[in-house]
Amino acid sequence: MSAKTAGIHHITALAGDPQATVDFYAGVLGLRLVKVTVNFDAPDIYHFYFGDETGKPGTAMTFFPYQGAPRGRVGGGQVGVTTFVVPAGTLDFWEARLKKFGIPVERTERFGETFLRLADHDGLHLELVAREEGPESTWSFGGVPTDKAIKGFGGAVLYSLAPEQTLHVLENLLGLERVGASEDGQYVRLRGQADLGQIIDIRREPVPAGSGGAGTVHHIAWRAGSLPEQEGWRQRVSSAGFDVTPIVDRKYFTSIYFRERGGILFEIATDGPGFTVDEPVEALGQKLMLPAWLEPYREHIAANLQPFEVRVLDSTSPARRAGRGACPQAR
Ligand code: ZN
């Protein structure tokens, strides 16, 4: 039986300084820090999840930040550019806001759309695109009103070491629909059925291999509707000849992982149970949350993590010091 993923579930990147990561994604981009936990496979490192008010699938940008992490190089075998979508007509607002924070932006075109290209504090490649599609965010922070706020992912640009093989997986295994090639022939566009995180552009020419580190994407996760669906995905991924992990409990979803032949690490994650499974909506992201199996080590884990706060940035100060309205980050 064939199946189709709705689109992107989350994208996970590597980062340096935790405070700088929070300042950029909450303070500048206005996303909500919806979960503070640790890398379940390496609990001495934070795992931050940013997203809309609840971090629903298609909005969750996640990081493993740690001070002094060596920089990586963006290249083949990675998500090359992470695309966020903002409401139609708001690109000028975003361009002005980013410039106010001293962040260089460049306008580019693809498939008849305008993109604002930028890099985060670690050099991670990002872009903003304005579209009608996708529900407006209900989260407002740091001077970004809800009618201008990032709605979630617009999609991603994939840099593959073997674009034909990656395309084959996206189309024939994940069930994305091929839309066509860009006017200049540089990209092929595919589309999933969700209204966020559904538009995937892939560079047609192989991109020289990147290397992992701060400022690069670690993996991209695709959506599975439910656990039985995920079991079906696991069967199909395995039958297609990929080395796929068992189903792993990530507390907020369950996951399987496999590396496609273009070198990009793919995950398939369930939509549920989501980030409200251990905290109410209004308290999301305010405390360090641990899965039951790490709870006995809380004191030790917390002592090794660098404190940080979610704060409103003052763009008039070159130091971007915290402005009024800063809220302390509980540990
Ligand atoms: Zn993941």
Side-chain angles (χ1 to χ4, degrees), residues 5-15 18 21 25 31 33-43 45-52 54-66 69 72 77-84 120 122 124 126 152-153 155-156 158 169-170 173-174 192 194 196-198 200 210 212-227 229-230 233-234 237 242-260 262-275 277-278 284-285 289-291 293-294:
T5 182
I8 298 170
H9 183 286
H10 64 268
I11 291 177
T12 296
L14 304 172
T21 303
Y25 288 91
L31 296 173
L33 178 63
V34 290
K35 192 64 66 186
V36 178
T37 182
V38 292
N39 181 340
F40 291 178
D41 303 323
I45 296 174
Y46 276 123
H47 194 176
F48 290 163
Y49 291 83
F50 298 90
D52 70 351
T54 59
K56 69 174 179 281
T59 76
M61 181 75 203
T62 103
F63 293 90
F64 298 128
Y66 73 96
Q78 296 173 358
V79 170
V81 188
T82 297
T83 311
F84 291 109
D120 80 359
D122 286 315
L124 188 73
L126 307 173
F153 294 118
L158 305 187
V169 167
L170 293 172
L173 187 58
L174 293 174
L196 288 173
Q198 79 282 34
I200 306 302
T216 66
V217 168
H218 184 260
H219 64 265
I220 181 167
W222 308 97
R223 291 174 63 181
S226 63
L227 189 56
E229 251 185 57
Q230 187 173 52
W233 281 112
R234 192 173 183 282
V237 170
F242 293 97
D243 196 5
V244 59
T245 67
I247 294 176
V248 186
D249 183 3
R250 295 307 189 196
K251 182 147 179 104
Y252 310 106
F253 40 85
T254 58
S255 298
I256 56 172
Y257 302 83
F258 66 101
R259 197 172 294 278
E260 58 83 33
I264 307 171
L265 184 58
F266 280 2
E267 174 181 347
I268 297 176
T270 53
D271 281 357
F275 298 110
V277 73
D278 57 358
L284 287 176
M289 302 307 292
L290 296 174
W293 65 90
L294 290 177

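Small disclaimer: the values here were computed from a predicted structure and weren't measured. In listed order, ligands and their atoms are each counted from 1. All heavy atoms count here, side chains included; hydrogens, waters and symmetry mates do not.
The OH atom of Tyr25 sits 4.5 Å away from atom CG of Leu124, with the distance rounded to the nearest 0.5 Å.
Residues Ile247 and Leu227 have side chains in contact (heavy-atom distance under 4.5 Å, counting atoms from C-beta outward).
A side-chain donor-acceptor contact under 3.5 Å links Glu267 and His10. One side chain, Thr12 or His219, offers a donor N or O that lies under 3.5 Å from an acceptor on the other. A donor-acceptor contact closer than 3.5 angstrom is absent between the side chains of Thr270 and Gln230.
Across all their heavy atoms, Arg234 and Thr245 have their closest contact at NE-O, 2.8 Å.
Counting only distances under 2.8 Å, and ignoring water, the protein N, O or S atoms around the Zn ion (ligand 1) are His10 NE2, His219 NE2, Glu267 OE1.
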